[in-house]
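Remember, it's 1-based here, ligands and their atoms both numbered in the order they're listed.
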Amino acid sequence: MFSTDGSRVEGTSSLSQSISPSMGELASEKHVQFIVSVEKKKDSFQSVVMEHIRMNGAYWGLTALDLLGKLHAVDVEEVVSWVLQCQHDSGGFGGNIGHDPHVLYTLSGVQVLALFDKLDVLDIEKVANYVAGLQNEDGSFSGDMWGEIDTRFSYIAISCLSLLHRLDKINVEKAVNYILSCKNHDGGFGCIPGAESHAGQIFCCVGALAITGSLHHIDKDLLGWWLCERQDNKTGGLNGRPEKLPDVCYSWWALSSLIMIDRVHWINKDKLIKFILDCQDIENGGISDRPDDAVDVYHTYFGVAGLSLLEYPGLKAIDPAYALPVDVIVRHLRYSDIRFGMQMTGPHKVVGSRQIGPLHPSLQATRALKSMPVSAQFLLQQQIRQTSVAAVEIRSIGGMSLHCQLSICTRATSSLG
Ligand code: GRG
C-alpha cells in the first residue's frame, strides 16, 4: 500500500511482511549522503571516471534520491541549468558540457527534467526531431550521427518520444518489427539481429514493446524461464546471461523485464533482497555489484530501483518500463491531459473498453490505479491524439487477482477541436 506521496507504508504490502531482520536493512540515509557526496567532490575518483557520462550519472543519482524520498537534497535550478548547458543546437544532449550529443544522454536529460517536473523548459519539438531523425529505414535507431545501431537506442527513442508525447514522429510499427527481429530462439533479445540474449538488451526490448503496447509479441513463458534462470541459487543475485557472475544491476534489468511479462513470481524475491542488501557499504553508503566490492552510483541506483520493484518498505514505487518513479509518470500523464486542453471531470459516457491485465497479485490495488500500466498509457496517448477522448477510467475487478480494465470515455459535451 502507498501513502499519498507514492511511498510504501511499512508492513502493508505482501512482500514487506516477509522482510526479516536476518536480511539486514537498507542504509537509506548513508546512500543519500554517498550520492550527494559524489556530486560535490568533483576531484574524486568517482567523479573523474564519470566525467564523460555525467548526464547518465545525474539520472542514476537523482532517481535514486527520489526513490529514497530525498530529491530535495539537491538544488533544482542548478541541475536544470546544467542539463540545458549540455544541449546542442541539434536538440540532442551530450554527456557533459561541451561533449557530443547522443541518444544515451538525451534520454537521461529528459528523465532528469521529468523528475523535477521541468520538461516545459525544453523546446520539445527540437528534442523530438533529433531523436526521431535517428530512425533508419529498417525501423532501427542509430545512437548518434555516426550510425551505431543497437536495441538500446530503440528503447531510448521510444521511451524519450513517449515522455515527450511525440511518438507519432516515428514509424512505431517498423520500430517494433525491428525489435522483434532481434528476438532469439531462447526467448531473449540481443543488441542486433542474431546477437546473444542479454538481460540488459531484454529490458530495452521488453520496455519498448511495453510502451508501444506490443507485449503480445513475446512468448512470456519462454522468456520468463530464461530470465528466472538468471538467479544464482547460492547468493540469490541475478546475472545477465548464462555462466556469468551475479551483479546488482540485473536486479533492475532482469527483474523489471520479469514484471513487465508478469513472471516475477518465478524468482525468489527474499533471496534477491538479501543479495542487494549484502552489497551495501553500511559505513560510507553506496551499493556495489557484488558483496565487498567498491560501490558506485550506477549500482547504488539499480540496487535501490531493484528493491523498489521488490516493494521494499519506505521506497517510492518505480515504473518498470520507463525507469522513473510511478508518481512522475502519473503526474506526467496529467500534464499531457492539460496540454491537450481537456478536463478529466464532467459528464462522459463509456464508448469502449479493452482488457489490459492481468496484473500480478503482488501489485496492490492502489498501485494498479496509481501507476496505470504502460500499455494503457500508450493507448491513452494515442487515443488522445487521434480521437476526442476526454477521460480514461481504470477499474480493478476480480478482488485480489487484479484485472485492470481500461475504459475509453468521450465527453458528452465535447469542446475539443
Ligand atoms: C533508462 C534504465 C534506462 C536505460 C536506458 C542504456 C540503456 C537504456 C540500457 C542499457 C542496457 C544494458 C545493455 C545493460 C547492461 C549493462 C552491463 C552491466 C553490461 C555489462 O556487460 P558484460 O558483458 O557483463 O561486461 P556480464 O554481466 O554479461 O558479464
Going by the angle between their ring planes, with limits at 30° and 60°, are Tyr59 and Tyr301 parallel, tilted or perpendicular?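 Taking Tyr301 first and then Tyr59, their aromatic rings stand perpendicular (interplane angle over 60°).
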Going by the angle between their ring planes, with limits at 30° and 60°, are Trp253 and Tyr298 parallel, tilted or perpendicular?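 The arrangement is tilted - the two ring planes meet at 30° to 60°.
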Taking NZ, NE, NH1 and NH2 as the nitrogens, is one of them in Asp138 or Lys174 under 4.0 Å from a carboxylate oxygen of the other?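 So Asp138 does not pair with Lys174 through a salt bridge.
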In ligand 1, which numbered atoms sit nearer than 4.0 Å to a non-hydrogen atom of [X]?
X	answer
Tyr298	16 (C), 18 (C)
Cys249	18 (C)
Arg152	9 (C), 10 (C), 13 (C)
Tyr250	17 (C), 18 (C), 20 (C), 24 (O), 26 (P), 27 (O), 28 (O)

Shortest protein heavy-atom distance from [atom], along with the residue and atom involved:
atom	value
atom 5 (C) of ligand 1	Tyr155 CE2, 3.9 Å
atom 11 (C) of ligand 1	Gly200 O, 3.5 Å
atom 1 (C) of ligand 1	Gln111 NE2, 3.4 Å
atom 28 (O) of ligand 1	Arg241 NE, 2.8 Å
atom 21 (O) of ligand 1	His198 NE2, 3.8 Å
atom 13 (C) of ligand 1	Gln201 OE1, 3.4 Å

Under a 3.5 Å distance rule, please check whether [X] uses its side chain to pair with a backbone N or O of [Y] as donor and acceptor.
X	Y	answer
Asp66	Leu62	no
Gln231	Asn268	yes
Arg54	Met50	no
Ser308	Ile318	yes
Asn96	Glu51	yes

Give a yes/no verdict on whether any heavy atom in [X] is under 4.0 Å from an atom of ligand 1.
X	result
Leu104	yes
Ala323	yes
Tyr322	no
Tyr301	no

Given Asp281 and Lys30, is the side-chain contact (heavy atoms from CB on, under 4.5 Å) satisfied, shown in steps? CA-CA 9 Å; Asp281 181 335; Lys30 296 276 183 189; over 6 Å; no
Side chain or backbone of Ala199 under 4.0 Å from ligand 1, or both, or neither, by non-hydrogen atoms?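 It is neither; nothing of Ala199 touches ligand 1.
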Please classify the Ser159 to ligand 1 contact at 4.0 Å (heavy-atom distances, strictly less than): side chain, backbone, both or neither.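 Neither; no heavy atom under 4.0 Å.
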More than 12 foreign heavy atoms under 6.0 Å from CG of Asp292: is that the case here?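 12 or below, so no.
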Contact summary for Trp82 and Ile97, nearest pair of heavy atoms: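 Reported closest heavy-atom pair: CD1-CD1, 3.6 Å.
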Right, does atom 23 (O) of ligand 1 have protein non-hydrogen atoms nearer than 4.0 Å?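 Yes, because at least one protein heavy atom sits under 4.0 Å from atom 23 (O) of ligand 1.
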